[in-house]
Amino acid sequence: MRISKFRKTPKVVFIVGPTAIGKTRLAVKLAMKLRGEIISCDSMQIYKGMDILSQTPSRSDRRLVKHHLVNLLSPDKEYSAAVFIKRAAPIIKSILKIGKTPIVVGGSGLYIKALIYGLFPSPAADMKFRKNMQRFAARHGLSRLHKRLMEIDPDCASRIHANDVRRIIRALEIFHSTGRTMTELKSATKGLGDVYDIKLFGLKAKRSSIYSRIDERVDKMFADGIVKEVRRLTRKKLAMTSKEALGLKEITGYLDGEYEAEYAKDMLKMNTRRFAKRQLTWFRKNKRIKWFDVERNSEAKIIANITKKVG
RNA sequence: GCCGAGGUAGCUCAGCGGUAGAGCGCUGCCCUGAAAAGGCAGGCGUGGCGUGUUCGACUCACGCCCUCGGCA
């Protein structure tokens with residue numbers, strides 16, 4: 001940071017916030033003002049053919065501003081926080097190189113954290129190992145796996161709840177493929193925050209407003225043909241990641257005749273509200289975020305404010 | 001109008017003469033390669049209203065109101 005006094009440390013702008021708050025719209029306008037390019041920090045917008053489901057930025061928005069990590073992966077391919085930062089880091093570097101401003105836009109707390117603070121070097125996901133472990137847990141009980149982790153890496157095991165299947169298995173997986181424990185690997189991790197000047201901005205609103213925005217959005221998704229999109233997507237095998245997109249389970253149940261469309265819609269609204277709630281929990285604790293209430297400030301005002309702080 | 005069933009948490013409903021529980025919802029939290037995922041915690045209540053019996057009523061009795069079903 002010493003050099004920042006003499007040479008400007010490159011700035012990377014982040015726009016975060018819960019789903020349906022208006023990040024996409026604001027980001028495009030901000031990018032035009034700042035001469036920026038957008039990097040989507042989103043586990044679903046990366047996929048092709050999920051425009052309605054993942055609320056992918058529109059073609060016209062993408063024509064106005066260059067968007068990265070949007071609409072380029074086939075839904076049968078896995079994606080993850082680690083893959084995201086591997087792809088995002090060089091993109092950010094190249095945007096800065098041509099003198100433009102990288103604007104990272106997204107609502108995933110983990111992806112953002114991973115990008116700014118880094119992930120410790122760890123092996124890629126081993127789906128076969130996970131499935132084996134899941135089978136083992138189903139047969140002999142999850143506590144056996146937790147106990148095994150306790151023997152290998154007590155420090156890590158004590159931090160993971162005994163019912164948290166995914167984290168227990170991931171910790172075992174790391175040991176399985178590297179012979180080293182998660183605790184060992186957790187040392188010195190580097191992220192973007194060590195290299196660039198990170199500017200974090202958040203969009204917020206009253207909880208009730210966020211929820212009604214979600215309701216409206218879901219209604220619109222149905223009007224726009226989400227059912228058709230899901231029918232098309234589920235004809236082929238989906239990756240574990242893309243399979244988790246909100247709306248897929250809900251609409252598949254309707255398509256299978258388990259319930260009415262109206263019920264699927266209500267479930268999607270509910271699950272999206274819960275998602276927003278979890279996002280808020282995640283962001284709330286990040287004290288570096290500068291928040292803007294979208295109901296108390298006009299979009300123009302927020303953009304002007306951000307521009308001033310970044311400029 | 002008569003007969004029957006029932007009014008308990010936001011919803012669906014248990015239970016009991018000693019002032020209440022479950023599931024879902026909701027709220028809070030955790031989070032390092034599935035994160036739009038996964039996990040943890042918390043009961044949030046004028047027991048339809050009133051009168052009576054009782055040391056004590058959500059629980060028993062009576063009256064009223066309301067809902068649902070059947071008969072008219």
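Throughout, protein chains are lettered first and strands after them, A, B, ... in sequence-line order, and every chain is numbered starting at 1. What's counted below: heavy atoms across the whole structure, side chains too, no hydrogens, waters or symmetry copies.
- Every residue two or more places apart in sequence or in another chain that forms a ring-ring contact (aromatic ring centres under 6.0 Å, His included) with A/Tyr259 is listed here: A/Tyr263.
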List every contact pair, protein side and nucleotides 31-35 of chain B side both N or O, where the distance is under 3.5 Å.
{"residue": "B/C31", "atom": "OP2", "partner": "A/Lys285", "partner atom": "NZ", "Å": "2.5"}
{"residue": "B/C31", "atom": "O3'", "partner": "A/Arg167", "partner atom": "NE", "Å": "3.2"}
{"residue": "B/C31", "atom": "O2", "partner": "A/Arg167", "partner atom": "NH2", "Å": "3.1"}
{"residue": "B/U32", "atom": "OP1", "partner": "A/Arg167", "partner atom": "NE", "Å": "2.7"}
{"residue": "B/U32", "atom": "O2", "partner": "A/Phe120", "partner atom": "N", "Å": "3.1"}
{"residue": "B/G33", "atom": "OP2", "partner": "A/Arg170", "partner atom": "NE", "Å": "2.7"}
{"residue": "B/G33", "atom": "O2'", "partner": "A/Ala125", "partner atom": "N", "Å": "3.3"}
{"residue": "B/G33", "atom": "O2'", "partner": "A/Arg130", "partner atom": "NH2", "Å": "3.1"}
{"residue": "B/G33", "atom": "N7", "partner": "A/Ser122", "partner atom": "O", "Å": "3.4"}
{"residue": "B/G33", "atom": "N7", "partner": "A/Ser122", "partner atom": "OG", "Å": "2.7"}
{"residue": "B/G33", "atom": "O6", "partner": "A/Lys86", "partner atom": "NZ", "Å": "3.2"}
{"residue": "B/G33", "atom": "O6", "partner": "A/Ser122", "partner atom": "O", "Å": "2.9"}
{"residue": "B/G33", "atom": "N1", "partner": "A/Lys86", "partner atom": "NZ", "Å": "3.1"}
{"residue": "B/A34", "atom": "OP1", "partner": "A/Arg130", "partner atom": "NH1", "Å": "2.8"}
{"residue": "B/A34", "atom": "OP1", "partner": "A/Arg130", "partner atom": "NH2", "Å": "2.7"}
{"residue": "B/A34", "atom": "OP2", "partner": "A/Arg130", "partner atom": "NH1", "Å": "2.5"}
{"residue": "B/A34", "atom": "OP2", "partner": "A/Arg130", "partner atom": "NH2", "Å": "2.8"}
{"residue": "B/A34", "atom": "N7", "partner": "A/Arg130", "partner atom": "NH1", "Å": "3.1"}
{"residue": "B/A34", "atom": "N6", "partner": "A/Gln134", "partner atom": "NE2", "Å": "2.9"}
{"residue": "B/A35", "atom": "OP2", "partner": "A/Tyr111", "partner atom": "OH", "Å": "2.6"}
{"residue": "B/A35", "atom": "O2'", "partner": "A/Ser108", "partner atom": "OG", "Å": "3.1"}
{"residue": "B/A35", "atom": "N6", "partner": "A/Arg167", "partner atom": "NH2", "Å": "3.3"}
{"residue": "B/A35", "atom": "N1", "partner": "A/Arg167", "partner atom": "NH2", "Å": "3.2"}

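- A/Val165 belongs to a hydrophobic cluster whose remaining members, ordered by chain and number, are A/Phe129, A/Met133, A/Phe136, A/Leu142, A/Leu145, A/Leu149, A/Ile152, A/Ile160, A/Ile168, A/Ile169, A/Leu172, A/Phe175; membership requires side-chain heavy atoms of ILVMFWY residues under 4.5 Å apart, directly or through intermediates.
- Only the P atoms considered, B/A14 is 31 Å distant from B/G52, to the nearest whole Å.
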Kindly determine whether A/Lys236 and A/Ser74 satisfy side chain to side chain contact (heavy atoms under 4.5 Å, CB included), including the steps that lead there.
-> CA-CA 11 Å; A/Lys236 278 183 270 167; A/Ser74 165; over 6 Å; no

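- A/Phe283 places its CZ atom 12 Å from the C1' atom of B/A36, with the value rounded to the nearest Å.
- Comparing the same atom, P, in B/A41 and in B/C65 gives a spacing of 47 Å after rounding to whole Å.
- With sequence neighbours left out, the salt bridge (charged side-chain N to carboxylate O under 4.0 Å, His left out) criterion links A/Lys269 to A/Asp219.
- Sorted by first and then second residue, the pairs that involve residues 289-308 of chain A and meet salt bridge (Lys or Arg N to Asp or Glu O under 4.0 Å), not counting sequence neighbours, are A/Arg25-A/Glu299, A/Lys29-A/Glu299, A/Lys206-A/Glu295, A/Asp293-A/Arg296.
- Inter-residue side-chain proximity for A/Val195 and A/Lys93 is flagged as unmet; no heavy-atom pair is nearer than 4.5 Å.
- If you take atom P in B/C24 and the same atom in B/G42, they sit 14 Å apart, rounded to whole Å.
- Remark: P of B/G28 and CG of A/Leu280 are 8 Å apart, rounded to the nearest angstrom.
- The C1' atoms of B/U59 and B/G48 are separated by 15 Å, rounded to the nearest whole Å.
- Whole-Å rounding puts the A/Lys277 NZ to B/G39 P distance at 14 Å.
- Nucleic acid contact for A/Tyr47: none, since no nucleic acid atom lies under 4.0 Å from a heavy atom of the residue.
- When the C1' atom is compared between B/C64 and B/A9, the two are found 26 Å apart, to the nearest whole Å.
- Comparing the same atom, C1', in B/C49 and in B/C2 gives a spacing of 24 Å after rounding to whole Å.
- When heavy atoms are screened at a 4.0 angstrom cut-off, A/Ser54 is found touching base atoms of the nucleic acid.
- One can place CD1 of A/Ile168 at 11 Å from P of B/G39, the figure rounded to the nearest angstrom.
- Rounding to whole angstrom units, CD of residue A/Gln279 and P of B/G38 are separated by 15 Å.
- Note: CE (A/Met270) to C1' (B/C11) measures 12 Å, nearest angstrom.
- Rounding to the nearest 0.5 angstrom, the gap separating the CZ atom in A/Arg87 from the CG atom in A/Leu69 is 6.5 Å.
- As rounded to the nearest Å, B/U32 and B/G21 have C1' atoms that lie 40 Å from one another.
- Distance, A/Arg273 CZ to B/A36 P: 18 Å, rounded to whole Å.
- Within the nucleic acid shown, A/Asn271 has no heavy atom closer than 4.0 Å to any nucleic acid atom.
- Taking the P atom of each, B/G10 and B/U27 are spaced 14 Å apart, rounded to whole Å.
- Remark: A/Arg213 does not engage A/Glu216 in a salt bridge, criterion side-chain N to carboxylate O under 4.0 Å.
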For RNA chain B, what dot-bracket results from Watson-Crick or G-U pairs at under 3.5 Å, with [ ] for crossers and | for inter-strand partners?
-> (((((((..((((....[..))))((((((.......))))).)...(((((..]....)))))))))))).

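- When side chains are defined from C-beta on, A/Thr19 counts as touching A/Arg217, because their heavy atoms get closer than 4.5 Å.
- Using a 30° and 60° split on the angle between ring planes, A/Tyr111 and A/Phe84 fall in the parallel class, below 30°.
- Within the 4.0 Å cut-off from OP1 or OP2 of B/C40, not a single side-chain nitrogen or oxygen of A/Arg159 is found.
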